[in-house]
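Just below is one structure, and these are the notes that go with it.
Since this is a predicted model, take the numbers as computed values, not measurements.
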Amino acid sequence: MKLKKLALLLLLISQVTVGQDLNSLKIEAQKVYEATTILDFDQIIEGTYPKVFEIVSKEQMKQLLISTFNGNDEMKIKLLNVAPDFKFGEIKKIDMQTFCLIDHNLSMELTLQEKIEDDEEAEMMLEIFKAGMETDEVTFNKETNTFTITKISTMIGIADKATNNKWKFLNKDKENVLATKLFSKKVLKELGM
């Protein structure tokens, strides 16, 4: 009888721990998403997985974010405020790290500085954005010279020694460039990347 009670207690504790992990993950994911939609660059950097800054400094990342969203000689990107509708994957403990893939809605406007006059060029750009962003939901407004892109994006939630076991995030890109540099082959395989 004592063994059954102990097994039940351990099961309940593990469920509470996963629940707490999921609750804290939801809170932190929402914070990072909101920081991104209002372009709070310091908060975005605060929510970024810290090992990224072994590849690029915080200041370099901040300057890249500023030039991307405030515009440069080629384009300006504006994130549209849409409900993220988070879909949280399984929380996986791999070695000494905890991971979760989180899908969410993302919608943005990309305005090119150079006017597109030719319909054929606009169609070619539409196809490039569809392939590069992995979505069929791309439209072009000729008057504003703006492409609107809507897609499901994926964040990787990570909690480990580098984050003091608090959730931090990394955007998953098509080629998994950063993830490949930051995580072991075992982690990439178990996350299906």
Side-chain angles (χ1 to χ4, degrees), residues 17-18 20-82 84 86-110 129 132-135 149 151-193:
T17 304
V18 169
Q20 288 172 334
D21 282 351
L22 183 58
N23 286 335
S24 64
L25 177 60
K26 287 178 178 181
I27 291 166
E28 294 305 314
Q30 185 67 38
K31 279 185 197 175
V32 168
Y33 185 82
E34 287 172 4
T36 304
T37 60
I38 63 168
L39 301 180
D40 182 340
F41 302 123
D42 292 324
Q43 192 63 42
I44 293 168
I45 289 169
E46 175 64 29
T48 299
Y49 183 58
K51 289 200 173 200
V52 168
F53 305 118
E54 294 172 8
I55 298 168
V56 58
S57 73
K58 288 183 180 184
E59 190 53 40
Q60 288 171 318
M61 183 175 183
K62 187 172 181 176
Q63 289 308 312
L64 179 64
L65 289 169
I66 289 169
S67 70
T68 300
F69 292 106
N70 289 345
N72 56 37
D73 294 342
E74 297 174 13
M75 68 179 151
K76 180 178 182 178
I77 296 175
K78 176 184 177 189
L79 292 179
L80 303 176
N81 194 357
V82 296
F86 292 117
K87 303 276 188 275
F88 294 89
E90 178 186 350
I91 294 176
K92 295 184 177 190
K93 294 195 184 296
I94 306 169
D95 296 330
M96 301 298 289
Q97 297 176 295
T98 306
F99 295 91
C100 184
L101 297 179
I102 308 153
D103 291 337
H104 63 90
N105 295 328
L106 180 69
S107 191
M108 68 180 84
E109 291 179 343
L110 189 146
F129 286 130
M133 300 295 283
E134 300 180 282
T135 181
I149 302 164
K151 65 174 280 179
I152 302 296
S153 191
T154 303
M155 290 191 300
I156 306 167
I158 308 115
D160 64 12
K161 185 178 169 184
T163 69
N164 293 320
N165 288 315
K166 296 190 184 327
W167 289 107
K168 300 294 179 179
F169 302 92
L170 177 68
N171 285 324
K172 182 183 178 308
D173 61 273
K174 188 176 176 182
E175 267 82 48
N176 300 315
V177 175
L178 275 176
T180 303
K181 291 180 180 179
L182 297 171
F183 308 124
S184 70
K185 288 181 182 177
K186 177 183 178 182
V187 166
L188 297 173
K189 183 178 179 185
E190 290 197 33
L191 293 178
M193 297 169 60

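One finds the CG atom of L22 at 8.5 Å from the CH2 atom of W167 (value rounded to the nearest 0.5 Å). Y33 contributes atom OH, which lies 6.5 Å from atom CG of L106 (distance to the nearest 0.5 angstrom). Atom CD1 of I44 and atom CE of M61 lie 7.5 Å apart (nearest 0.5 Å). Here the CG atom belonging to L170 is positioned 9.0 Å from the CG atom belonging to N176, to the nearest 0.5 angstrom. Taking CG of N105 as the start and NZ of K87 as the end, the distance is 7.5 Å to the nearest 0.5 Å. In this structure, the separation between CG on D160 and NZ on K51 is 6.5 Å, given to the nearest 0.5 Å.
With a 6.0 Å cutoff to the six-membered ring centre and a 45° limit on the axis angle, K58 counts as a cation-pi contact of F53.
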Using atom types as modelled, flag every donor-acceptor pair under 3.5 Å from a side chain in residues 185-193 to any protein atom, sequence neighbours excluded.
unit_1, atom_1, unit_2, atom_2, d
K186, NZ, D95, OD1, 2.8

Checklist line | Test side chain to side chain contact (heavy atoms under 4.5 Å, CB included) applied to Q30 and E34, step by step | finding: CA-CA 6 Å; Q30 185 67 38; E34 287 172 4; 2.8 Å; yes
Next item on the list: Apply the test side chain to side chain contact (heavy atoms under 4.5 Å, CB included) to residues E46 and Q43: give CA-CA distance (whole Å), side-chain angles for both, the deciding distance (0.1 Å), then the verdict.
Entry: CA-CA 5 Å; E46 175 64 29; Q43 192 63 42; 4.1 Å; yes
Next item on the list: Show your working on side chain to side chain contact (heavy atoms under 4.5 Å, CB included) between F169 and L25 and close with a plain yes or no.
Entry: CA-CA 10 Å; F169 302 92; L25 177 60; 3.8 Å; yes
Next item on the list: Please assess N171 against D173 for the test side chain to side chain contact (heavy atoms under 4.5 Å, CB included), listing each intermediate value before the final yes or no.
Entry: CA-CA 6 Å; N171 285 324; D173 61 273; over 6 Å; no
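Residues G47 and V32 come closest through the heavy atom pair CA-CG2, 3.8 Å. Contact record, I156 with A179: CD1-CB, 4.3 Å, taken as the closest heavy-atom pair. G89 and C100 get closest at one heavy-atom pair: O-SG, 3.2 Å.
Taking a 6.0 Å sphere around NZ of K151, one finds it holds more than 12 heavy atoms contributed by other residues, nucleotides or ligands.
For Y49, the ring-ring contact (aromatic ring centres under 6.0 Å, His included) partners at least two apart in sequence or on another chain are F183.
A salt bridge between K168 and E28 is absent, with no side-chain N of the basic residue lying under 4.0 Å from a carboxylate O of the acidic one.
Within the 4.5 Å cutoff, no side-chain heavy atoms of D103 are placed close to those of L101. The closest side-chain heavy-atom distance from K161 to M96 is not below 4.5 Å.
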